[in-house]
Amino acid sequence: MGIRVRFAPSPTGYLHIGGARTALYNYLFARHNNGKFILRIEDTDEVRSTKESVDAILKGMKFLGLDYDEGPFINKKGEIEEKGNFGPYFQTQRIFLYKDFVDKLLKEGKAYKCYCTVEELAKKRELSNLEKRPPKYDNHCRHLTHDQILNYEKEGRKPVIRFFNDGLGETKFNDIIKGEISFNNSLLDDFVIVKSSGIPIYNFAVVLDDALMEISHVIRGDDHVSNTPRQIMLYKAMGLKIPEFAHIPMILGGDGARLSKRHGATSVLAYKDMGYLSEALVNYLSLLGWSTSDSQQIFKFNELIEKFDLYRCNSSAAIFDNKKLDWMNGEYIRSKTKDEFFELAVIELEKSGLITREKAIEKKAELEKILSLEHEKVKHLTEIPELYDFMLLDEINYNEKDAEKVFKKDPVNTKKILVEINEEMKKIGNFSAENIEKLFREYSEKNNIKTSLIFHPVRVATSGRAKGPSLFHYMEILGKEKVMSRINKTLSKYFN
RNA sequence: GGCGCGUUGGUCCAUCUGGUUAAGACGCCACCCUCUCAAGGUGGAGACAACGGGUUCGAGCCCCGUACGCGCUACCA
């Protein structure tokens with residue numbers, strides 16, 4: 001009776017945005033209902049499945065914070081281990097579990113061996129295409145004679161096993177998200193359930209795994225809707241309990257096509273590398289297909305668990321909007337405490353070579369002051385180095401465009417102002433933002449110069465750019481000496 | 001081709017079992033704040049609910065059809 005759901009990716013690539021959302025919805029549904037969340041790797045595609053993909057998926061899950069009750073995970077030694085009582089959790093390792101079911105289906109005449117080769121089938125398919133008929137298997141091997149079978153075997157043909165579909169009646173199910181969906185059984189053919197390699201086909205393995213793992217709700221992408229009737233037929237044929245189904249719509253790229261590499265990064269880990277917080281990604285993804293009636297946008301993780309409702313999911317595809325994700329990421333970065341932001345910033349700063357971790361921790365108080373200058377401006381963590389480099393570098397980099405614009409407009413007066421203000425600053429005892437501002441404003445008044453004609457040049461002269469934090473505040477942190485020497489350096493670089 | 005699913009402003013979506021000036025968020029624009037850039041605040045433009053029929057006193061919400069999009073139709077998952 002307990003709720004058990006699973007996320008079952010195939011390891012043929014990294015964990016992408018679509019898979020991540022499927023995983024998230026499963027997770028949220030399980031946690032909301034005090035159920036179990038299971039991770040199962042569907043690696044029955046022996047050609048495309050890779051170990052690297054398994055790693056990438058596991059890492060992606062970890063980054064998103066989607067912890068599961070059962071399934072494979074990477075242990076402290078970096079090896080893959082499994083937890084849970086319904087294992088194994090790799091589909092290929094479960095093959096031995098399927099044998100009895102296959103034998104039973106065979107014995108009961110609900111499945112049969114088919115000796116047609118892929119070439120033969122391809123030819124038939126081509127023909128029916130030519131004749132504009134639906135490409136359906138022609139049931140050629142349904143009733144082979146003993147001799148025919150012997151002959152095929154002698155030829156060395158390895159059979160596949162097909163499900164015997166009588167084509168009678170219809171298969172319907174009530175999808176939690178899409179409502180009632182029905183299919184006419186006569187439209188489905190005798191589909192393959194076990195490949196000639198002995199490895200079961202997805203539609204068969206998924207049924208057995210879900211049944212054996214006692215999955216109560218199958219929550220997956222709606223590209224599986226059309227597969228569901230086949231699976232239900234199998235559940236029925238094997239006398240297994242049919243779970244509830246919930247098919248969540250696809251995520252599309254800006255051009256309305258299915259989200260893919262062409263639309264930029266689709267790997268969850270790539271988003272991490274681009275400076276997105278997992279909280280932001282999770283929050284954004286949660287809203288791509290689901291919403292509350294009051295259209296709440298920002299949710300704490302626990303709040304998501306509390307409020308998430310599968311029945312309120314949308315049934316139509318959604319376009320992934322990077323702009324909104326960016327906004328949300330900014331919201332989450334802004335909501336970080338000083339300490340948290342410090343930790344996040346150190347990682348980026350260290351990555352860019354601006355500071356070492358040791359040094360950052362040694363000068364934590366000062367660094368935190370610097371960081372607070374631009375904290376609210378950060379949209380991606382990766383912007384941090386370029387936002388603060390002028391505060392951390394001895395030698396500033398001038399943005400030539402800004403320098404040109406600010407210095408060359410009125411070089412004579414600008415030079416005069418810079419020289420004079422630099423001289424004036426010597427007088428400041430306590431080099432505080434307040435005192436600097438006071439001095440600047442007095443100088444402006446005394447000489448009847450617009451403040452902007454002072455502020456802008458000083459900003460570029462001390463930071464190398466026209467954009468930046470509050471002028472006097474960063475000057476205070478920089479200190480009188482650095483400020484004055486930077487102005488002098490600017491003077492000799494641009495005004496000689 | 002067949003079958004299935006979908007279609008509310010540029011985007012995500014609300015409108016719970018038919019009765020609202022069709023709400024909110026992102027983005028966009030303007031103004032305010034201001035030493036710049038952001039952030040924040042205020043306001044604004046933008047949808048006659050794909051289209052066409054019905055049912056009903058009344059439909060974005062129900063029914064039918066059309067168009068368009070997506071998915072499945074593999075010894076892929």
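Chain letters run A, B, ... following the sequence lines, proteins first, then strands; residues in each count from 1. What's counted below: heavy atoms across the whole structure, side chains too, no hydrogens, waters or symmetry copies. Since the structure is predicted, the reported quantities are computational estimates derived from the model, not experimental observations.
Checked against the 6.0 Å centroid criterion, the rings of A:Y68 and A:F7 do not qualify as a close aromatic pair. With ring centers used as reference points, A:F308 lies 6.0 Å or more from A:H32.
Taking the side chain as every heavy atom from C-beta outward, A:R312 and A:K307 never approach each other to under 4.5 Å. Proximity of A:K236 to A:I242: side-chain heavy atoms (C-beta onward) are separated by under 4.5 Å at one or more points. Residues A:Y388 and A:E348 fail the side-chain proximity criterion, which asks for heavy atoms closer than 4.5 Å.
Comparing A:Q296 and A:K467 along RNA chain B, the residue whose closest nucleotide (by nearest heavy atom) sits nearer the 5' end is A:Q296.
One can place CE of A:M328 at 15 Å from P of B:rA39, the figure rounded to the nearest angstrom. A:E374 places its CD atom 13 Å from the C1' atom of B:rC35, with the value rounded to the nearest Å. With rounding to whole Å, A:D326 atom CG is found 12 Å from B:rA39 atom P. Separating the CD atom of A:E376 from the C1' atom of B:rU34 is a distance of 13 Å, rounded to the nearest angstrom. Rounded to an integer number of Å, the gap from CG of A:N283 to C1' of B:rA25 is 11 Å. As a whole-Å value, the separation of A:E180 CD from B:rG4 P is 13 Å. What separates CZ of A:F472 from P of B:rU34 is a distance of 13 Å, to the nearest Å. Taking atom CD1 of residue A:I181 and atom C1' of nucleotide B:rG6, one finds them 11 Å apart after rounding to whole Å.
Comparing B:rA49 with B:rU7, their P atoms sit 15 Å apart, to the nearest whole Å. Comparing B:rG65 with B:rC70, their P atoms sit 22 Å apart, to the nearest whole Å. Separation of the C1' atoms belonging to B:rU56 and B:rA47 is 25 Å when rounded to the nearest angstrom. Rounded to whole Å, the separation between the C1' atoms of B:rG43 and B:rA59 comes to 33 Å. Spacing between B:rU21 and B:rG60 at atom C1', rounded to whole Å, works out to 16 Å. The same atom, C1', is picked in B:rC76 and in B:rG10; the two are 36 Å apart, to the nearest Å. With C1' as the reference atom, B:rU15 and B:rG9 are 15 Å apart, rounded to whole Å. Taking atom P on both B:rC61 and B:rC33, the two are 47 Å apart, rounded to the nearest angstrom.
Between A:Y284 and A:D326, the side chains place no donor N or O within less than 3.5 Å of an acceptor N or O (distance only, hydrogens not considered). Using a 3.5 Å distance cut-off with no hydrogens or angles, the side chains of A:Y115 and A:E155 do not pair a donor with an acceptor.
For A:E383, the side chain to side chain donor-acceptor pair (under 3.5 Å) partners are A:H380, not counting sequence neighbours. Every residue two or more places apart in sequence or in another chain that forms a side chain to side chain donor-acceptor pair (under 3.5 Å) with A:K51 is listed here: A:D55. A:D309 meets the salt bridge (charged side-chain N to carboxylate O under 4.0 Å, His left out) test with no other residue; sequence neighbours excluded. Considering only residues two or more places apart in sequence or on other chains, A:Q148 meets the side chain to side chain donor-acceptor pair (under 3.5 Å) condition with A:T145. For A:E331, the salt bridge (charged side-chain N to carboxylate O under 4.0 Å, His left out) test picks out A:R334, with sequence neighbours left out.
A cation-pi arrangement is present between A:R162 and A:Y137, with the terminal nitrogen or guanidinium carbon under 6.0 Å from the aromatic centre and inside a 45° cone about the axis.
At the heavy-atom level, A:E170 lies nowhere under 4.0 Å from the strands shown.
Closest approach to the A:K323 side chain among B:rG40, B:rG27, B:rG4 is made by B:rG27 (side chain taken as heavy atoms from C-beta onward). The A:W327 side chain lies nearest to B:rA25 when the options are B:rC3, B:rU36, B:rA25.
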In B/S/- notation, 5' to 3', how is nucleotides 43-51 of chain B contacted by protein heavy atoms closer than 4.0 Å? ---------
How does protein reach along nucleotides 61-77 of chain B, written 5' to 3' as B (base within reach of a heavy atom under 4.0 Å), S (only sugar-phosphate), or - (no contact)? ----------BSSSBBB
Do nucleotides 10-20 of chain B as a string where each nucleotide becomes B, S or -: B if the base has a protein heavy atom under 4.0 Å, S if just the sugar-phosphate does, - if no protein is that close. -SBSSS-----
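Few gaps surround CZ on A:F96; more than 12 heavy atoms of other groups in view lie less than 6.0 Å from it. By the 6.0 Å contact criterion, NZ on A:K195 is enclosed, its count of non-hydrogen atoms from other residues, nucleotides or ligands being greater than 12.
Using a 4.0 Å cut-off on heavy atoms, the residues of residues 439-453 of chain A that approach RNA chain B are A:R441, listed by number.
Residue pairs meeting the salt bridge (charged side-chain N to carboxylate O under 4.0 Å, His left out) criterion with at least one member in residues 444-454 of chain A: none, sequence neighbours excluded. Pairs of residues two or more places apart, or lying in two chains, that qualify as side-chain hydrogen bond (donor to acceptor under 3.5 Å, both in side chains) and include a residue from residues 170-188 of chain A are A:T171-A:N185, A:D175-A:H247, A:K178-A:D222, A:N184-A:S186.
At least one donor-acceptor pair under 3.5 Å links the side chain of A:T228 to the backbone N or O of A:H224.
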What dot-bracket string describes RNA chain B from 5' to 3', counting Watson-Crick and G-U wobble pairs whose defining distances are under 3.5 Å, with [ ] for crossing pairs and | for pairs to another strand? (((((((..(((......[....))).(((((.......))))).....(((((..]....))))))))))))....
